[in-house]
**Student:** 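What follows is a single structure, and I will ask about it in a moment.
Throughout, protein chains are lettered first and strands after them, A, B, ... in sequence-line order, and every chain is numbered starting at 1.
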Amino acid sequence: MRILNTLSKACLVMLVAVALALAAKPATAAWKPSKPVTILVGFSVGGAMDTAARLQGEVMSKALGVPVVIRNVPGAGGRNSVTILNRSKPDGHTMAAINLPGQAVNQAARGMDPDLRTFTWIGRQVSNPYFMQATTKAGKDQWTSLKQMKTAKKPIKAGITGTGGNTFPISVITANLVGFPVEFIAGFKGPELITGIIRGDFSITNLPLVKRWTTAVQSGEAKAIVVYLPKRHPKFPNIPTGVEQGFPELGSSSLVGQNLYALPPKTPPEIASVIEEALVKANNDAALKEKIEANGNIVAPLSKQDTTKLVADMLALVQKNSALLKKYIK
Amino acid sequence: MFEGFGAALVTIAEPHVLLTLFFGSVIGLIFGAVPGLGGILAMSMLLPFTFTWDAITAVYLFSGIMGASSFGGSISAILLNTPGTPVNAATCFDGYPMAKRGEAARALGLSAGACLLGALFGLVILALLIQIMRPLVIAFGHPEIFWLVVFGLVTTATVSQGSLLNGLIAGGVGILLSLVGLNEPTGLIRYTMGSEYLWDGIPLIPFFVGLFAIGELINYSAQGGTIARDNIQASIRGAWQGVMENFRYAVCLLRSSSIGTLVGIIPGVGGETANLIAYTVAVQSSRSPDTFGTGNPEGVIASEAANDSKDGGALLTTLSFGIPGSLAMALLLSIFIMHGVSPGPQLILDNPIFIWTLLNGYVVSNAFASIFGLLAARYLAIITRVPVHYLSAIIAVVALAGTYILRENIWDVLLVVLLGILGFGMRRAGVPVLPLVIGFVLGNLAEKSFLLTLRIHDGSYLGFFNSVISWILIVTMVAVPLITRMRTRSTPKP
């Protein structure tokens, strides 16, 4: 009888164990995408964000077991990817590469939806440092350092693409932090900013620190004034930082252009973890890193938590300067 | 400069390279011919596959697509009055009337010849001037762009077939439509009715697909019959005649190729501008401007020669500055960079083989496309004898699907339909479409150049007259129609 009791108890324990195991299975099984994952890119094909997304997408596709498709939705300085992502289902099949601080301007200075803090941030695509260059055209105002610019009596003409994108907030915040008067001339396309600085259409411009945008500096037709990094860029060691020139705030990571990956708001954590894992695999691929960095961008992986914090910091910085930014936004 | 030529020529003889180039050309032709798609889409779709290729083969693939897509776009422009890509818009104006007259094969021959010769012209200029080109690119600033664009805009009056008033109204509406969206120089968002969709203005591809393809489709359905009203001359001889006519109109060919190259050189001015400015200058310079829009071969030559020569100009800016002159060039640059090749002035000295690879590939793909055009013209011309009811269904599906695929935005499709109704209404009311297109493509650029010139020169209007190039453009703008008119009057009428 005792034996029977013991056996029935053992059976009961086993049944409970099996039941618990069965109940626990769905919770521990990793989520897997059931169809291709789309990465929204708010810029045209061939740009830095697009190229990095395509390269990372190849590796992520192997990790996720489904194709990763790049969908370019250019326009409005990258905003299209934000609005489409906000409307997408939080099922892990749509993510976006988002450019900051450019997109922070729409929220903090234009008061537009959505709140970027509601997105499920999963990591960094690339870090995209910017640098300032000044014309060396004879007969035009010539600037050689930030300290000299601080002494300007009349507004310094700065060429920008427009009030969308990263160039605008970086230019406004820099002028404010250094304390020089500035007048923006907007409406140039990227390549026109190079020919414009050579021609002397404006005195300064801020552009991403990639090889193609340093062509005027290389030829001596423009002078690189500052790179917005805490330390000099290893590929461009001749460009001084703001920290060296006595403006430590210019080394803040909030002033570095950041392309960050996000999932729609309210994406379940287990889905975000799977996507993050695939992104980590892509970022650890040495050959891929070399190809992305050939362009001048920096592959610097960031965890979900750190990415979320970076977004909050960038929003706070833009918010702090929103009164200035609003002066140029109609 | 010529150092890498031999080495690049050797690579093209390798079977896998030739096959890649041929594959690229076929893809370019197909994507160019289907309204809404275009070579850029083909290049971006194939970009990831080339990451693991060697750089030379990848460059051949892309030059193949680039070289052939323009001619591909002219096929649908001539046969269906539907530009395959925005850069073929001006080809419709005379190519399609030729097709309606039963001369589709001749028009395709004209286009094939103009594409190849225009491309060769642009590349010869590139090869000759690449090392001394920087000063010219720099000399072309916003005041010069403004005058170049105004040159095109004033033609609105000349190309207003029938009623001048109708033409001016159409041109005005085109300019108004071009002003929709965020105006970057002032920061104002205009005429968007609160919609973010219109922030970047009315997108070009839905505009052209709607106005031309859908507008014509409704017209087909209303009229019935076939596109070609007369017997068609669908023979290889007809196509060859078209090719040879390029030499008969050599002045037009050279002038349009020069304009195309010049527009290509200027960063920030799109390819769709090159064919329209070349076309409008051809109208201005003609002794019989009334014949444009009715099937004048010079119209096809002007548009297509400018289209293909502009790539030589854009390459020049891309290679000499390392900055992309167009979207296609941006893609090409990313291929270069990905393979460790830095574009810029040093490229000519460090890696001349890349430049020659690109040039060889571009010439050969243009030759592939032109030979295809020549051989296939007689078969393609048969499309103009297919009952339009069948054609309408196919065009509707292809045009709407092509537009949607490009950005996966349903509003683009709605816009296509709305503009289609506008295009049909204009045709029915006898209002010419050409001034509307000129106004739309050039209006925004004219305003932007105007505002930027003023901002750069502290609000002084003298900025418009500071340079020699500005004065050359102003004098040419006034002189060309005057001289043409005087010559026309002095020529005894037969």
**Student:** Step by step, would you call A:Arg79 with B:Trp199 a side-chain contact (heavy atoms from CB on, under 4.5 Å)?
**Tutor:** CA-CA 10 Å; A:Arg79 178 163 166 78; B:Trp199 258 33; 4.3 Å; yes
**Student:** Looking at side-chain heavy atoms only, is the closest gap between A:Phe188 and B:Glu184 below 4.5 Å?
**Tutor:** no
**Student:** Which of the residues B:Ala139, B:Gly181, B:Pro185 is involved in the greatest number of heavy-atom pairs with chain A at under 4.5 angstrom?
**Tutor:** B:Pro185
**Student:** side-chain hydrogen bond (donor to acceptor under 3.5 Å, both in side chains) with B:Asn466: which residues, sequence neighbours excluded?
**Tutor:** none
**Student:** Show your reasoning for whether salt bridge (Lys or Arg N to Asp or Glu O under 4.0 Å) applies to A:Glu192 and B:Lys448.
**Tutor:** CA-CA 13 Å; A:Glu192 290 178 291; B:Lys448 184 185 134 179; 3.2 Å; yes
**Student:** Measuring from A:Asp201:CG to B:Ile138:CD1, what's the distance to the nearest 0.5 Å?
**Tutor:** 9.0 Å
**Student:** Report the distance from atom CD of B:Glu196 to atom CG of A:Asp113, rounding to the nearest 0.5 Å.
**Tutor:** 9.5 Å
**Student:** Would you confirm whether B:Arg455, through its side chain, and A:Phe184, through its main-chain N or O, come within 3.5 Å as a donor-acceptor pair?
**Tutor:**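 Answer holds: yes.
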**Student:** Just how far is it from atom OG1 of A:Thr195 to atom CD1 of B:Ile266, taken to the nearest 0.5 Å?
**Tutor:**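 The CD1 atom of B:Ile266 is 10.5 Å from OG1 of A:Thr195, to the nearest 0.5 Å.
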**Student:** Using a cut-off of under 4.5 Å on heavy-atom pairs, state which of B:Gly201, B:Gly141, B:Pro203 scores highest against chain A.
**Tutor:** B:Gly141
**Student:** Checking heavy atoms, do the side chain of A:Thr214, its backbone, both or neither come under 4.5 Å from chain B?
**Tutor:** neither
**Student:** List the residues meeting ring pair (Phe, Tyr, Trp, His ring centres under 6.0 Å) with B:Tyr362, not counting sequence neighbours, and say none if there are none.
**Tutor:** none
**Student:** If I take atom CG from residue B:Asn409 and atom CD1 from residue A:Ile84, how far apart are they, to the nearest 0.5 angstrom?
**Tutor:**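 Going from CG on B:Asn409 over to CD1 on A:Ile84, the span is 7.0 Å.
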**Student:** Given side chains that start at C-beta, do those of B:Asp458 and A:Lys157 come closer than 4.5 Å, heavy atoms only?
**Tutor:** yes
**Student:** Does any heavy atom of chain A fall under 4.5 Å from the side chain of B:Phe140, the backbone, both, or neither of them?
**Tutor:** backbone
